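I have placed the structure first, in the form of structure tokens, so that the comments after it can refer back to it.
The structure displayed is predicted, hence computed values, not measured ones. Every chain is numbered from 1, with letters handed out A, B, ... down the list of sequences.
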Amino acid sequence: MGKIPLLVIAGPTASGKTKLAIDVAQRLHGEIVSADSMQIYKGMDIATAKPTQKELAAVPHHLVGVLEPDTPCSVALYAQLAHAAIADIRNRGKLPVLCGGTGLYIQAVADNLQFAEETRDPAVREALYAQADAEGAQTLLDELFDIDPETAQRLHVGNLGRIVRALELYKTTGIRMSEQLRNSTAVPSPYDVCMLALDYTERAALYDRIDRRVDIMLEDGLVREAELVLTAGEMPTAGQAIGYKELAPFFRGEKPFSECVADLKRETRRYAKRQLTWLRRDKRVQWLYPDRFASYEELLDYVISICFKKSQ
RNA sequence: GCCUCUGUAGCUCAGUUGGUAGAGCAGUGGACUGAAAAUCCACGUGUCGGUGGUUCGACUCCGCCCGGAGGCA
């Protein structure tokens, strides 16, 4: 019994993943599984740069626009949905193509990370945050040192979210975060992974693409979409999307529109940089630089030649 | 043409009585296991416009030249 071939197309935002994945999938009888923490939500089409209707029709897509924006998402939930989608694609004899920019989600699927049933408890979280508020984050970090020094050592006091999560995990399940990390990789991945990622030789080239894409989003009606989303109410995960919160000061009359747009572009650039940092540490990644190919077709041919080699 | 102000990090600017320079922003690198488009950490050498001079020593004082801004004719 061989492993399931899994093609991964990653890369920072605006690098051209969507188009490449579709073209590759069409040639290899593939179907696309999105690995994007925001495209998984309904609506929010413009800001998350979802594939167009035409693109969605060209190749079957999974996990695009399947959750209500007010539902929280998590790596664990995503991984569960993605594994199911891949199994389904495999059963129909097609090649699963995981495409997206959320590094943690990609890793969770590719490495088959294991997550316990339920390890969260809102009440515990709230209590921990309240404690941090009253006594300071250092108190929580000290507490974590007593139960899980290995994890406490690598966490910085400033990163309260991680400290709280580590304590929450222990208080609700008795599992230490350091144990969870080891447990998560206990089951070998069922996938034969071919991991590709897009980047550009010059960082400035990627940043130009980002700036241009934000301008296009504005032409396509980002402002109207932002107004809708910002007045829609609480959205635990979806509310973090870049594209809305940056325009909020404009709607409140606190900042000129042009400044908000500049902020939006800057936040997108920083996001792209973080994505690259994440991908760089994965040694499986085979980097693709579109600017080093004479044409897009040559890039596509090259990608397909690699895939065939991997999936045989 | 004359007078005044000005030229320091990619940008905006500090720089105290002369001892070869520092902030914010931008940017860069890194971390990352249940909110990850989030969260967090680290990183500031640049012909101090050019060139002569005074001085043990000049971003700092003086001369000239080149750029900017304003004023008077």
In residues 63-72 of chain A, what donor-acceptor pairs under 3.5 Å come from side-chain atoms, sequence neighbours left out?
unit_1	atom_1	unit_2	atom_2	d
A/Glu68	OE2	A/Lys42	NZ	2.7
A/Thr71	OG1	A/Glu68	N	3.3
A/Thr71	OG1	A/Glu68	O	2.4

Point to revise | B/U39 OP1/OP2 closer than 4.0 Å to side-chain N/O of A/Tyr271 | key: no
**Study point:** Contact check, side chains of A/Leu77 and A/Phe115, non-hydrogen atoms, under 4.5 Å
**Key:** no
Check your understanding: Linking I/L/V/M/F/W/Y whenever their side-chain heavy atoms sit closer than 4.5 Å, directly or via other members, would A/Val187 and A/Leu181 fall into one cluster?
Key -> no
Review point. With no hydrogens and no angle check, is any side-chain donor or acceptor of A/Asp111 less than 3.5 Å from a backbone partner on A/Leu113?
Key: no
Review point. Is there a donor-acceptor pair under 3.5 Å between the side chain of A/Asp121 and the backbone N or O of A/Thr172?
Key: no
Review point. Can you check salt bridge (Lys or Arg N to Asp or Glu O under 4.0 Å) on A/Glu168 and A/Arg165, steps first, answer last?
Key: CA-CA 5 Å; A/Glu168 176 196 31; A/Arg165 172 58 194 151; 2.9 Å; yes
Point to revise | Verify same cluster id: A/Leu128, A/Leu169 (apolar side-chain graph, 4.5 Å) | key: no
Check your understanding: How far, in whole Å, is B/U4 from B/G10 if one measures between their P atoms?
Key -> 32 Å
Practice item. Using the P atoms only, state how far B/C64 lies from B/G71, rounded to an integer number of Å. Key: 24 Å
Heteroatom pairs (N/O) under 3.5 angstrom, protein to nucleotides 41-43 of chain B:
none

Check your understanding: Mind checking the C1' distance from B/G1 to B/G19? Whole angstroms is fine.
Key -> 41 Å
Review point. So, A/Thr13 versus A/Arg213: side-chain donor-acceptor pair below 3.5 Å or not?
Key: yes
Check your understanding: Can you name the nearest heavy-atom pair linking A/Ile210 to A/Ala272, along with the distance?
Key -> CD1-CB, 3.7 Å
Review point. Given B/A36, is OP1 or OP2 found less than 4.0 Å from the side-chain N or O atoms of A/Thr102?
Key: no
Exercise for review: Specify the residues of residues 255-270 of chain A, ordered by number, for which at least one heavy atom lies under 4.0 angstrom from an atom of RNA chain B.
Suggested key: A/Arg266, A/Arg269, A/Arg270
Revision key, fill the gap. On a heavy-atom basis, the closest approach of A/Val157 and A/Ala137 is O-CB, 3.7 Å
Point to revise | Residues in contact with RNA chain B, drawn from residues 64-78 of chain A - heavy-atom cutoff 4.0 Å | key: A/Cys73, A/Ser74, A/Val75, A/Ala76
Review point. Considering heavy-atom distances to RNA chain B, does A/Ser184 or A/Gly103 have its closest nucleotide positioned more toward the 5' end?
Key: A/Ser184
Review point. Which pairs count as salt bridge (Lys or Arg N to Asp or Glu O under 4.0 Å) when at least one residue sits in residues 72-99 of chain A, sequence neighbours excluded?
Key: A/Glu31-A/Arg92, A/Glu31-A/Lys94, A/Asp88-A/Arg92
Check your understanding: Quantified in whole Å, what is the P atom distance between nucleotide B/C2 and nucleotide B/G27?
Key -> 45 Å
Exercise for review: Mind running a 4.0 Å heavy-atom check of residues 231-252 of chain A against RNA chain B and sending the residues that fall below it, in number order?
Suggested key: A/Pro236, A/Thr237, A/Gln240, A/Ala241, A/Ile242, A/Lys245
Review point. How far apart are the C-alpha atoms of A/Lys50 and A/Asp45, what are their side-chain angles, what is the distance that settles it, and do they pass the salt bridge (Lys or Arg N to Asp or Glu O under 4.0 Å) test?
Key: CA-CA 5 Å; A/Lys50 272 190 198 161; A/Asp45 296 350; 3.0 Å; yes
Check your understanding: How close or far is atom P of B/A31 from atom CZ of A/Arg162, stated in whole angstroms?
Key -> 12 Å
Practice item. Calculate the interatomic distance between A/Leu206 atom CG and B/G27 atom C1'; express it in whole Å. Key: 14 Å
Practice item. Measure the shortest side-chain to side-chain distance between A/Arg269 and A/Asp211 over non-hydrogen atoms and say whether it is less than 4.5 angstrom. Key: yes
Review point. Can you get from A/Leu104 to A/Ile40 by hopping between Ile, Leu, Val, Met, Phe, Trp and Tyr side chains that sit under 4.5 Å apart?
Key: yes
Check your understanding: Mind checking the P distance from B/A26 to B/A38? Whole angstroms is fine.
Key -> 15 Å
Check your understanding: Between B/G22 and B/G15, how far is it from one C1' atom to the other, in whole Å?
Key -> 8 Å
Exercise for review: State which of B/G30, B/A36, B/A35 makes the closest approach to the side chain of A/Ser37.
Suggested key: B/A36
Point to revise | P gap between B/A73 and B/C66, integer Å | key: 25 Å
Practice item. Grab the CD-P distance between A/Gln275 and B/G30 for me, whole Å please. Key: 14 Å
Check your understanding: Quick one: do the A/Thr201 and A/Arg292 side chains pair a donor with an acceptor below 3.5 Å?
Key -> yes
Review point. Rounding to a whole Å, what distance do you find between A/Leu276:CG and B/U28:C1'?
Key: 12 Å
Exercise for review: Would you list the pairs meeting ring pair (Phe, Tyr, Trp, His ring centres under 6.0 Å) in which at least one residue belongs to residues 237-276 of chain A, sequence neighbours left out?
Suggested key: A/Phe250-A/Phe257
**Study point:** Length of the CZ-P vector between A/Arg203 and B/G10, whole Å
**Key:** 19 Å
Revision key, fill the gap. By nearest-heavy-atom nucleotide on RNA chain B, the more 5' of A/Glu117 and A/Arg274 is A/Glu117
Exercise for review: Can you run down the salt bridge (Lys or Arg N to Asp or Glu O under 4.0 Å) pairs that involve residues 225-235 of chain A, sequence neighbours left out, and say none if there aren't any?
Suggested key: none
Point to revise | Inter-nucleotide P distance (B/A69, B/G63), Å rounded | key: 24 Å
Practice item. Please check if A/Tyr296 and A/Val59 belong to a single hydrophobic cluster, counting links between Ile, Leu, Val, Met, Phe, Trp and Tyr side chain heavy atoms closer than 4.5 Å. Key: yes
Check your understanding: What residues in residues 165-182 of chain A put a non-hydrogen atom under 4.0 Å from any atom of RNA chain B?
Key -> A/Arg165, A/Met177, A/Gln180, A/Leu181
Review point. Using a cut-off of 4.0 Å on non-hydrogen atoms, how would the nucleic acid contact of A/Ala79 be classed: base, sugar-phosphate, or nothing?
Key: nothing
Point to revise | Whether A/Tyr302 and A/Phe293 hold their rings parallel, tilted or perpendicular, with breakpoints at 30° and 60° | key: tilted
Study note, to complete from the structure: Taking every heavy atom of A/Lys17 against every heavy atom of A/Pro12, the minimum-distance pair comes out as NZ-O, 3.0 Å
Study note, to complete from the structure: All heavy atoms of A/Gly243 vs all of A/Ala226, minimum pair found to be O-CB, 4.3 Å
Revision key, fill the gap. Contacts of A/Pro190 meeting side chain to side chain contact (heavy atoms under 4.5 Å, CB included) (sequence neighbours excluded), chain-then-number -> A/Asn112
Review point. Rounded to whole angstrom units, what separation is found between the CD atom of A/Glu126 and the C1' atom of B/A35?
Key: 14 Å
Check your understanding: Going by an N to O cut-off under 4.0 Å, is there a salt bridge joining A/Asp263 and A/Arg266?
Key -> yes
Check your understanding: Counting only non-hydrogen atoms, which of residues 144-154 of chain A are less than 4.0 Å from RNA chain B?
Key -> A/Arg154
Exercise for review: Using both pair distances under 3.5 Å as the test, note the stems of at least 3 consecutive Watson-Crick or G-U pairs that include RNA chain B.
Suggested key: B:1-7 with B:66-72, B:10-13 with B:22-25, B:27-31 with B:39-43, B:49-53 with B:61-65
